Amino acid sequence: MAQIRDTIELLTKVLREKGTSKLKAEMFRLAKFNNDDAVGPFWKLLFEMVYFLRYKTIDDVSVLATSELTTEELVVFVKKEMQYMGFFSRDFASLPMDMTRGSRDLLLAFGWVMCKAGIIDKFMENCASPLAEDTSALYQIDTELDESFRKRNQLSPRAELNPTQKVKYLLWLNGKLRLSLRNLYTVQRQKANLTHKIHKSTEGVSLTPDRNHLSVLEAYMLRHPELLKKNLQLLERDNVRLQNLLLWKEREDIFWKWMESVLDAKLVEIQQSQSRSMHTPHYFVSQEGVDKMEISREKLRDAIVKYESIIEHLERLWDIKKSEVTQKDLDNLIASIELEISIQRANIALSMGNDPLPQPISNDQPRWAYVRPSPLKRQSIGSATMPPGGGQSGMASLSESMKHNVSDIKNEMSELHKLVDNLRSEIQNKQDLYQSDLDDLADKFDDVVCIPPMARKIP
């Protein structure tokens, strides 16, 4: 127990040295047992970790942001950034905006960030020698010259100038810019020459193994020994940081084993909540009502399975046929169907004594092909058109045969109408179902507007 406490204290020291807010090791223990006192500090720590991963540092801006942002804004920002990094914990996403609970989930999220992003490794990468950092503060700057240069480069508004004067002013600025670029190029060449001279004159003397000469800053510090004290302090501070980081690398296994115990406690809590919610509720419903609901449920399931198989079969057929059938084949098929319908209409008209038949369905209505009758029916139609016997008996048999055929056609037409009605109802149901699915899908996205296509009128 004392070993894990020392390891966590070492971790808090490493975090503190990188600029995070002060956090006690006791907060980790409280967060393990889901104590609400650790919620606020861990939200702040997560914010600082997210800020470090985005901007590579923890500076005064992060401190100012934690003090000026509201609790809701800070929580929303951290959740959003964690989701961008790939942390999709449902429990973490459902934590309240007022920072009142969820310290264990915050501790697990902190452990995930440390493992996923390699926080400690990034700390070690940033902990470099101060000789390689920006040391512009070591040089004295002429403030008066800098102020005059800044005032000279401030452009006043030229709204009162006419177009000709504006063009001349822009040409003057262009010439001034070109002259400044030439001066900059000249200064850069001079800097490169001077740097080369320093490297050439200090060849064979080096403070680092990756080069055999002194850098410009090292040569400058040799000429100004009073700056060595400041750099020695920076080096000592970095040495302490590196020692703590190396010590953490030796002890981090202890921390991760302790984090496994935190995860186990979370899993035990989930199992307990599931066991409490798995009890069977008691409803005051008679056994007869339960049986009817079970029968209705079975019928509904069978109907759903039936229509799903039909839809899947139609989709497979469409996938197969849409690549095989061309527009020319479709035109030929439609022409053959219309020819067959016209032949059947002519035969029926001749059989019924040239009575006029209803006109075919217009082109804007769906086409329905009449099912060709069986050979027995075709034989009866042929025999009816040319009866073997003459006189009244032949006409009577012809009339009975035609009545029978007409009734068959009417039955077929009624079946087709029923099929059309069923298809219309199914299409309407599918449209309602898909519309509800689209509405549910659109509700899941905040900045998305779902515009359905223009509705086609069902014939």
Side-chain angles (χ1 to χ4, degrees), residues 18-19 47-48 50-69 73 77 80-81 84-85 117 122 125-203 205-208 210-224 226-228 230-231 234 446-449:
K18 291 304 297 182
F47 174 79
E48 292 167 346
V50 169
Y51 186 90
F52 172 78
L53 292 176
R54 171 175 282 197
Y55 300 106
K56 310 302 180 185
T57 185
I58 302 175
D59 51 12
D60 296 335
V61 178
S62 65
V63 178
L64 185 64
T66 54
S67 60
E68 291 189 355
L69 289 177
E73 291 173 344
F77 175 78
K80 188 176 180 181
E81 292 296 322
Y84 283 159
M85 288 188 289
K122 287 182 170 56
E125 292 174 0
N126 291 342
C127 191
S129 172
L131 299 178
E133 295 177 356
D134 184 15
T135 56
S136 59
L138 299 175
Y139 300 93
Q140 295 181 355
I141 300 175
D142 190 353
T143 56
E144 295 181 358
L145 180 64
D146 181 67
E147 184 68 21
S148 62
F149 178 78
R150 184 179 61 82
K151 290 181 179 179
R152 187 170 62 250
N153 284 275
Q154 287 180 348
L155 298 179
S156 59
R158 302 282 175 170
E160 65 277 2
L161 299 178
N162 56 40
T164 304
Q165 293 174 340
K166 288 183 180 179
V167 171
K168 291 181 180 180
Y169 178 67
L170 291 176
L171 290 174
W172 176 77
L173 286 179
N174 188 20
K176 187 176 180 181
L177 177 61
R178 294 178 62 184
L179 181 61
S180 300
L181 289 176
R182 289 178 182 177
N183 294 334
L184 179 62
Y185 176 70
T186 304
V187 171
Q188 285 181 342
R189 290 194 61 180
Q190 292 177 358
K191 178 184 177 183
N193 291 331
L194 293 174
T195 304
H196 178 69
K197 287 181 181 180
I198 293 174
H199 293 172
K200 194 70 176 175
S201 60
T202 60
E203 188 174 0
V205 181
S206 175
L207 298 178
T208 57
D210 57 343
R211 60 173 181 261
N212 61 345
H213 55 78
L214 294 177
S215 65
V216 177
L217 176 60
E218 291 169 349
Y220 182 83
M221 292 178 63
L222 288 176
R223 292 189 61 185
H224 301 82
E226 66 274 6
L227 298 177
L228 289 174
K230 182 177 181 180
N231 281 276
L234 295 175
D446 296 335
D447 300 331
V448 174
V449 177

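None of the values given here were measured: they were computed from a predicted structure.
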(request) Check side-chain contact (heavy atoms from CB on, under 4.5 Å) between L53 and all other residues, then give those that pass, not counting sequence neighbours. (result) M85, V113, A117, I119, K122
(request) Could you tell me which residues satisfy side-chain contact (heavy atoms from CB on, under 4.5 Å) with T195, sequence neighbours excluded, listed by chain and number? (result) K191, H199, V216
(message) Could you measure the distance from the CG atom of N174 to the CG atom of L179? Nearest 0.5 Å is fine.
(response) 11.5 Å
(message) My understanding is that only residues two or more places apart in sequence, or in another chain, count here; which of them pass side-chain contact (heavy atoms from CB on, under 4.5 Å) with R211?
(response) S206, T208, H213, S215, E218
(message) Does anything in residues 50-60 form a side-chain hydrogen bond (donor to acceptor under 3.5 Å, both in side chains)? List the pairs, not counting sequence neighbours.
(response) Y51-D59, R54-E81
(message) If I compare all heavy atoms of L222 with all of L214, which pair ends up nearest, and what's the gap?
(response) CD1-CD1, 3.6 Å
(request) Take T66 and F47, measure what side-chain contact (heavy atoms from CB on, under 4.5 Å) needs, and give me the verdict at the end. (result) CA-CA 8 Å; T66 54; F47 174 79; 3.2 Å; yes
(request) Rounded to the nearest 0.5 Å, what's the gap from CG on L177 to CG on L170? Could you check? (result) 12.0 Å
(request) Look up atom NZ in K200 and atom CG in N193, then write down how far apart they are to the nearest 0.5 Å. (result) 13.5 Å
(message) Please enumerate all residues that pass side-chain contact (heavy atoms from CB on, under 4.5 Å) together with S67, with sequence neighbours excluded.
(response) L64
